[in-house]
Amino acid sequence: MARDFETSKPIYLQIADFIFQQIIREELKPGEKLPSVREMAVEMGVNPNTIQRTYSEMERMGVVETRRGQGTFVVENSEIVTELKHTFQQEVISSFVNKMRDLGFSNEEMVASLKIFLKRGEDK
């Protein structure tokens with residue numbers, strides 16, 4: 001399943017974000033092995049070097065660890081997952097607020113419309 005990538009962000013970071021989201025949603029659990037570089041390259045429709053760069057960046061960030069001869073694994077550290085959740089949450093909130101401000105909405109209008117939106121979701 002090759003993915004469509006945005007041109008505004010490097011592909012290896014988009015793949016990292018995809019994996020981070022799987023970790024946040026607990027589709028990938030602490031200690032779980034990631035697909036091999038070759039498997040992930042085929043799945044994502046990219047060059048294996050791109051996946052190697054993705055895994056290296058994720059390891060540098062402390063989210064995964066490479067075990068020699070075994071593969072790459074999600075770290076078994078709940079603080080890392082909590083930090084990932086917080087980082088993604090802040091990015092989404094920032095994007096929402098900036099877009100709403102660009103449209104001319106005040107903070108009060110944003111909060112009110114968000115409350116209405118969330119209330120509608122509860123009614124479903």
Side-chain angles (χ1 to χ4, degrees):
M1 164 201 83
R3 297 178 51 88
D4 290 329
F5 295 103
E6 301 171 19
T7 56
S8 60
K9 188 174 187 178
I11 291 173
Y12 78 98
L13 292 177
Q14 292 179 60
I15 294 169
D17 283 350
F18 173 76
I19 296 168
F20 292 155
Q21 289 171 23
Q22 288 182 310
I23 294 169
I24 290 168
R25 289 190 304 263
E26 297 182 358
E27 293 168 8
L28 282 173
K29 307 234 184 295
E32 191 169 334
K33 186 177 190 286
L34 297 180
S36 72
V37 169
R38 289 189 191 284
E39 290 169 340
M40 184 64 90
V42 169
E43 183 179 327
M44 293 288 157
V46 299
N47 187 298
N49 292 334
T50 302
I51 301 301
Q52 186 58 55
R53 187 166 182 192
T54 300
Y55 284 5
S56 295
E57 180 65 15
M58 292 173 63
E59 187 165 21
R60 187 192 65 73
M61 297 170 75
V63 179
V64 300
E65 62 185 3
T66 300
R67 299 179 193 158
R68 192 176 180 113
Q70 295 179 22
T72 304
F73 297 80
V74 177
V75 294
E76 297 188 51
N77 182 340
S78 61
E79 289 177 21
I80 295 288
V81 175
T82 301
E83 197 174 306
L84 266 180
K85 283 182 178 182
H86 180 73
T87 299
F88 271 76
Q89 180 186 50
Q90 292 306 305
E91 287 177 10
V92 169
I93 291 170
S94 176
S95 175
F96 169 77
V97 168
N98 289 333
K99 286 178 182 176
M100 293 297 279
R101 282 191 179 137
D102 287 348
L103 292 170
F105 289 95
S106 68
N107 288 354
E108 294 78 18
E109 289 171 317
M110 284 185 249
V111 170
S113 64
L114 186 56
K115 283 181 179 179
I116 291 168
F117 180 83
L118 292 172
K119 177 80 172 112
R120 272 198 311 243
E122 290 173 1
D123 295 341
K124 290 183 179 178

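A quick note: this is a predicted structure, and the numbers were derived from the prediction, not measured. Hydrogens, waters and symmetry mates play no part in the numbers below; they use all other heavy atoms, side chains included. For reference, positions follow the sequence shown, starting with 1.
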Does the side chain of Gln22 reach to within under 4.5 Å of the side chain of Ile19, using non-hydrogen atoms?
yes
In this structure, would Val111 and Phe96 fall into the same cluster of hydrophobic residues linked by side-chain contacts under 4.5 Å?
no
Would you please name every residue forming a side chain to side chain contact (heavy atoms under 4.5 Å, CB included) with Val97, sequence neighbours left out?
Ile93, Arg101, Met110
With Asn77 via side chain to side chain contact (heavy atoms under 4.5 Å, CB included) - residues at least two apart
Val75, Glu79, Ile80
If the condition is salt bridge (charged side-chain N to carboxylate O under 4.0 Å, His left out), which residues does Glu6 pass it with, not counting sequence neighbours?
none
Could I get the full list of side chain to side chain contact (heavy atoms under 4.5 Å, CB included) partners for Val37, not counting sequence neighbours?
Pro48, Ile51, Gln52, Tyr55
Minimum heavy-atom distance Gly71-Lys33, with the two atoms named
CA-CE, 4.1 Å
All salt bridge (charged side-chain N to carboxylate O under 4.0 Å, His left out) counterparts of Glu76, not counting sequence neighbours:
none
Considering only Ile, Leu, Val, Met, Phe, Trp and Tyr, and joining two whenever side-chain heavy atoms are under 4.5 Å apart, list the other residues clustered with Tyr12.
Leu13
Shortest non-hydrogen contact between Met100 and Ser113, atoms and distance
CE-OG, 4.1 Å
So how far is it from Lys99 NZ to Ser94 OG, rounded to the nearest 0.5 Å?
10.5 Å
What's the spacing between Phe18 CZ and Met40 CE if we round to 0.5 Å?
7.0 Å
Using the side chain to side chain contact (heavy atoms under 4.5 Å, CB included) criterion, which residues pair with Lys29? Sequence neighbours excluded.
Glu26, Glu32
Only pairs at least two apart or in different chains count here, so list each salt bridge (Lys or Arg N to Asp or Glu O under 4.0 Å) that has a residue in residues 52-72.
Glu57-Arg60, Glu65-Arg67
How close do Ile24 and Leu84 get, heavy atom to heavy atom, and via which atoms?
CD1-O, 3.7 Å
Under the side-chain contact (heavy atoms from CB on, under 4.5 Å) test against Ile15, which residue among Met58, Glu43, Met44 passes?
Met44
Closest contact, heavy atoms only, Thr54 versus Ala16
CG2-N, 3.6 Å
Say you draw a straight line from CG of Asn47 to CD1 of Ile11; how long is it, rounded to the nearest 0.5 Å?
10.0 Å
Does anything in residues 80-90 pair up under side-chain hydrogen bond (donor to acceptor under 3.5 Å, both in side chains), and if so which pairs, sequence neighbours excluded?
none
With Lys9 via salt bridge (charged side-chain N to carboxylate O under 4.0 Å, His left out) - residues at least two apart:
Asp17
